[in-house]
Amino acid sequence: MDTLYNPDGVEERWQQAWEAEGLYNADPDAPGEPYCIALPPPNVTGELHMGHALNASIQDLLIRWHRMRGFNVLWQPGYDHAGIATQNVIEKELAKESLTRHDLGRDAFVARTWEWLELYGGIILGQLRRLGASLDYRRERMTMDEAYVRAVLRWFVHLYDKGWLYRANRIVNWCPRCESAISDLEVNHIEEDDTLTWIRYPLADGSGHLTIATVRPSTMLADTGVAVNPADDRYRDLVGKEAIVPIVERRVPIIADERVEMEFGTGALKITPGHDPMDFEIGRDHGLEELTVIGLDARMNEAAGEFAGLTQEEANERIVARLGEQGLLEKQEPYRHAVGHCDRCGTRIEPLVTLQWWCDMKELAAPAIEAVRDRRTRFFPDRYTDVYLNWMEKIRPWCVSRQLWWGHRIPVWYCPDGHITAAEEQPGACGECGSTELTQDEDVLDTWFSSALWPFATLGWPEQTPELETWYPNDVSSTDRGIIFLWEARMQMAGIELMGEIPFPGINIHSTINAPDGRRMSKSLGTGINPLDTVDEYGADATRYGLLKMSSTQDVRFNVGMIEEGRKLANKLWNVARLILSNAADARPAAEPRDVEERWILARLDATRELLEESWGRFEFAPAVNALYRVTFDDFCDWYAEAIKPRFQDPADTVVRSTALAALERLLILLHPVMPHVTEEIWSQLPTRQTRLIVRPWLEADPRFAADAAALQRVQEAAVMFRRSGVLPPLDEDEQRILQAVERRQVAADGDPTVEIERLRKEIQRAEGMLGNERFVERAPADVVEAEREKLARYRRELEALTG
RNA sequence: GGGCGUGUAGCUCAGCGGGAGAGCGCCCGCUUCACACGCGGGAGGUCACUGGUUCGAUCCCAGUCACGCCCACCA
């Protein structure tokens, strides 16, 4: 007889049934308090990875739990068009055919991207289905859907009208490979070995020179100043004079600026406003010219004269050699420092001055800071509150334009005179001069500009839909800590600005699952583990269980053992259900429990219910999952099931049957949010079932068991007190039997005198040690000391009795 | 440079002021009529290190070391 629970087939069957029966469907007009989570939209190009699977397990647990609690739930699915990421994927596809996007042209490229999405775009939601995710799949949204695009345009024009969006020529993070600007958050700073070169800049008046240190000699061709700290005595006399930039022989002013660190290098800094962010700001403040010698391809451009066309490395080499010849090279030293790289493709970032759209964040941030500060929005775990606040309080303008083709085209039109008209629909004429010769901005918006609207644009905004009315604000946002700034912060800002209300009161930041060796899970490192493989091997329930157990608040290493544990739990549950069903197939519910075991297990299950509610309410999942394992194995199977088994021999004992059924029901209900499939499968075989388990109301504290729960509580407290002080408070007969059950291992060990003798000897030694400590006797609370004395005396008596 | 987190049994992790725990692995015994993805028993830890607070510290405080992550315009 096959006695193993096999999830194959069972899980798919229920997934199809739940969806087909409309049990995932959300209805804004349905009764119940609304509860809504918007699935963090995965990239359209994405496949399910461990992070997605963990987050889906968490969200589905919350959704199923609230559905059972009678809330009107919506779990909103969808995708992000993921501008830069998707464009990169398509470009790679093209590269296989030796094509670039420029070979196709913009329209064909975008058309091809849409085609590609038709074929491969929708896979991740299908994969979520296989995990049992109870999303309302009918409501799938994408950030480039027609309706969503309207929301994005509204957002843009809104910000433009407020004067917070503007176009400016500024230094940006330029990725030469993506051929686009990117925002500060999309730059990774990576430590690299470099060379620090010390170069002499002659003074214009011939009175000598001053030495600067740089890691990028090639940029000196665009130097338009030299700066020193105003407090630096070494250079005080030079401020206001001029230096000559070697090679280009340019006379540049020597200026004083506090941003120059006196301790670094020589304390003198060459200023290249065109190619360095800090130099750019110093340059603007001092009115220095912004020259450009590096092009969008990161190579030296025509302005670099004889160095034009070279890579920067080549230019560095030649320039250093030239300086050596001229006697202006002082020294070179190895130097290690952090260098910016494109988060998307890893290419070294080039700071360049280009014309981009910027969003001023100060006024958007202020109310979003307040919301978190006064706890209308709370982070779980709480430590991320400071992470968020620190970033928000020093927020800087956001570069929102991208020189990409895939994304929301910036809704701005220019007339020949350069007037700007921003509008949701193509305007007929320039808003300023009435010219009808309008051309639209070529650029697209940062992907995160649109995903900031996710909690309400998916509900139909800017239309005033029933969905929006019902489910905004959402209730929880669950994400990885990697996108707290990119996404969470921006949803707060957009939600408050456009909806006048925070998007959700709870932000759950889940753990990061690393590879078993502790490295990051990544496809390119080959350290990735596909959650669908564990679903195939162990089942979706087991996978969900394992992931939730790994969802403690810090980083964890992926451990199949946790998923195997989940499989064990499913199997155990399946088997104990078989035991009960084979004996109680026609039992009727609602009988009063008779014996202490029965009342005890019902009270235990109720205590577990309370623990689940408390920890799930705090977004702590691992302890709850652990409690479910313990209550199933230790309490339900090892103790309760074993205890009632003999009573099944008595056909007249209807109480044991109906109680067993009731206890099993309760166990299934508690386990359902974690392991929906196996519980529903068992549920479907119960003679007592009336609805699907997925919509079966969650447990309330049952007054019938309140007394027993209270008794259990008393017994457990008594047991703790007994262990600590040796004093056992008075218990009635039933409570004493419950105590025996609680302490059953101890009781079992009583059979073996050598074990007991050893234990008593240890206890006596410990008690003697404590009582021999004068400070303990003098300073510890009197009742504790007294208890210890009584305990010692009792242990001695017991030992005496055992050893004779 | 600033901030956060982590260091507990061979492995992965719970616990966080008075008995040091789980799963896996390991050893011994069980095809006991729900379950060998099982049942019973067992070995295995100066709870990273150093100080402090306390009658008492794995747990609180300070510092040290190691690892990880986030933020960052010292060229």
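The chains referred to below are lettered A, B, ... by the order of the sequence lines, with proteins before strands, and numbering in each begins at 1.
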Whole-angstrom distance between [N] and [M], as gauged at atom [atom1]:
| N | M | atom1 | result |
| --- | --- | --- | --- |
| B:rG17 | B:rU54 | C1' | 9 Å |
| B:rC27 | B:rG10 | C1' | 14 Å |
| B:rC65 | B:rA75 | C1' | 33 Å |
| B:rC16 | B:rU58 | C1' | 8 Å |
| B:rC30 | B:rC69 | P | 50 Å |
| B:rA34 | B:rC28 | P | 28 Å |
| B:rA14 | B:rA9 | P | 13 Å |
| B:rG21 | B:rG15 | P | 16 Å |

Next item on the list: Sugar-phosphate means primed atoms, P, OP1 and OP2; the rest is base. With that split, encode nucleotides 70-75 of chain B 5' to 3' as B, S or - using protein heavy atoms under 4.0 Å.
Entry: -SBBBB
Output all residues satisfying salt bridge (Lys or Arg N to Asp or Glu O under 4.0 Å) with [X], sequence neighbours left out; order by chain, then residue number.
| X | answer |
| --- | --- |
| A:Glu191 | A:Arg336 |
| A:Arg259 | A:Asp257, A:Glu281, A:Asp285 |
| A:Arg657 | none |
| A:Asp480 | none |

What is the distance, rounded to the nearest whole Å, between atom [atom1] of [X] and atom [atom2] of [N]?
| X | N | atom1 | atom2 | value |
| --- | --- | --- | --- | --- |
| A:Asp635 | B:rA22 | CG | P | 15 Å |
| A:Glu565 | B:rA14 | CD | C1' | 11 Å |
| A:Glu620 | B:rC16 | CD | P | 10 Å |
| A:Leu664 | B:rA34 | CG | C1' | 12 Å |
| A:Asn575 | B:rC35 | CG | C1' | 4 Å |
| A:Tyr640 | B:rA34 | OH | C1' | 14 Å |
| A:Phe633 | B:rC37 | CZ | P | 12 Å |
| A:Tyr5 | B:rG38 | OH | C1' | 18 Å |

Next item on the list: Give a yes/no on whether any side-chain N or O of A:Thr3 is located under 4.0 angstrom from OP1 or OP2 of B:rA36.
Entry: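 Answer yes for this pair, as a side-chain N or O of A:Thr3 is under 4.0 Å from OP1 or OP2.
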Note to self: Does B:rA34 have its OP1 or OP2 closer than 4.0 Å to a side-chain nitrogen or oxygen of A:Lys645?
What the structure shows: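 Answer yes for this pair, as a side-chain N or O of A:Lys645 is under 4.0 Å from OP1 or OP2.
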What are the atom names and distances for every N/O pair under 3.5 Å that joins the protein to nucleotides 24-30 of chain B?
from   : atom 1 : to       : atom 2 : distance (Å)
B:rC24 : OP1    : A:Lys568 : NZ     : 2.6

Checklist line | Partners passing side chain to side chain donor-acceptor pair (under 3.5 Å) against A:Asp382 (at least two apart in sequence or in another chain) | finding: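 By the side chain to side chain donor-acceptor pair (under 3.5 Å) rule, A:Asp382 matches A:Arg375, A:Thr385.
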Checklist line | Listed partners of A:Tyr629 passing side chain to side chain donor-acceptor pair (under 3.5 Å), at least two apart | finding: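 Here the qualifying residues are A:Lys568.
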Can you tabulate the close N/O pairs, meaning under 3.5 Å, that link protein atoms to atoms of nucleotides 11-13 of chain B?
from   : atom 1 : to       : atom 2 : distance (Å)
B:rU12 : OP1    : A:Arg557 : NH1    : 3.1
B:rU12 : O2'    : A:Asn559 : ND2    : 2.8
B:rC13 : OP1    : A:Arg557 : N      : 2.3

Check: Where does RNA chain B form stems of at least three consecutive Watson-Crick or G-U wobble pairs, each pair having both distances below 3.5 Å?
Finding: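 Stems for RNA chain B, defined as runs of 3 or more consecutive pairs: B:1-7 with B:65-71, B:10-13 with B:21-24, B:26-30 with B:38-42, B:48-52 with B:60-64.
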Please check this pair: side chain of [X] against backbone of [Y], looking for a donor-acceptor N/O pair closer than 3.5 Å.
| X | Y | result |
| --- | --- | --- |
| A:Arg557 | A:Asn514 | no |
| A:Asn55 | A:Gly51 | no |
| A:Arg234 | A:Met262 | yes |

Margin query: Given B:rC4, B:rC35, B:rG23, identify the nucleotide with an atom nearest to the side chain of A:Arg383.
Written below: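 Per side-chain heavy atoms of A:Arg383, the pick is B:rC4.
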Next item on the list: Consider the side chain of A:Asp638, meaning its heavy atoms from C-beta on, and name the nucleotide among B:rC37, B:rG40, B:rA34 that approaches it most closely.
Entry: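 Given the options B:rC37, B:rG40, B:rA34, the side chain of A:Asp638 is closest to B:rG40.
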Check: Looking at A:Met220, A:Arg200, A:His209, which hits side-chain contact (heavy atoms from CB on, under 4.5 Å) with A:Pro246?
Finding: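 Result for side-chain contact (heavy atoms from CB on, under 4.5 Å) with A:Pro246: A:Met220.
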Checklist line | Residue pairs involving residues 264-280 of chain A (criterion salt bridge (charged side-chain N to carboxylate O under 4.0 Å, His left out); sequence neighbours excluded) | finding: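 Passing the test, one end in residues 264-280 of chain A: A:Asp223-A:Lys270.
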Check: Is the distance between the ring centroids of A:Phe379 and A:Tyr384 under 6.0 Å?
Finding: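 No - the distance between ring centres of A:Phe379 and A:Tyr384 does not fall below the 6.0 Å cut-off.
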Next item on the list: Compute the centroid of each ring, for A:Phe621 and then for A:Phe380, and state whether the two points are separated by less than 6.0 Å.
Entry: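 Ring-ring flag for A:Phe621/A:Phe380: false, centres at least 6.0 Å apart.
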Checklist line | Residues A:Arg216 and A:Glu350 bridged, charged N to O under 4.0 Å | finding: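 Here A:Arg216 pairs with A:Glu350 in a salt bridge, since their nearest N and O are under 4.0 Å apart.
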Next item on the list: Not counting sequence neighbours, which residues clear ring-ring contact (aromatic ring centres under 6.0 Å, His included) with A:Phe648? List them please.
Entry: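 ring-ring contact (aromatic ring centres under 6.0 Å, His included) check on A:Phe648 returns nothing, list empty.
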Item checked: Side chain to side chain, A:Met50 and A:Pro531, heavy atoms closer than 4.5 Å ->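 Contact flag for A:Met50/A:Pro531 side chains = yes.
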Next item on the list: Check every strand shown and say whether A:Asn571 touches a base, only sugar-phosphate, or nothing at a heavy-atom separation below 4.0 Å.
Entry: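 Base contact.
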Notebook entry, point to check: Contact class for A:Glu642 (heavy atom, under 4.0 Å): base, sugar-phosphate, or nothing?
Noted result: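 If one applies the 4.0 Å heavy-atom cut-off, A:Glu642 turns out to touch a base.
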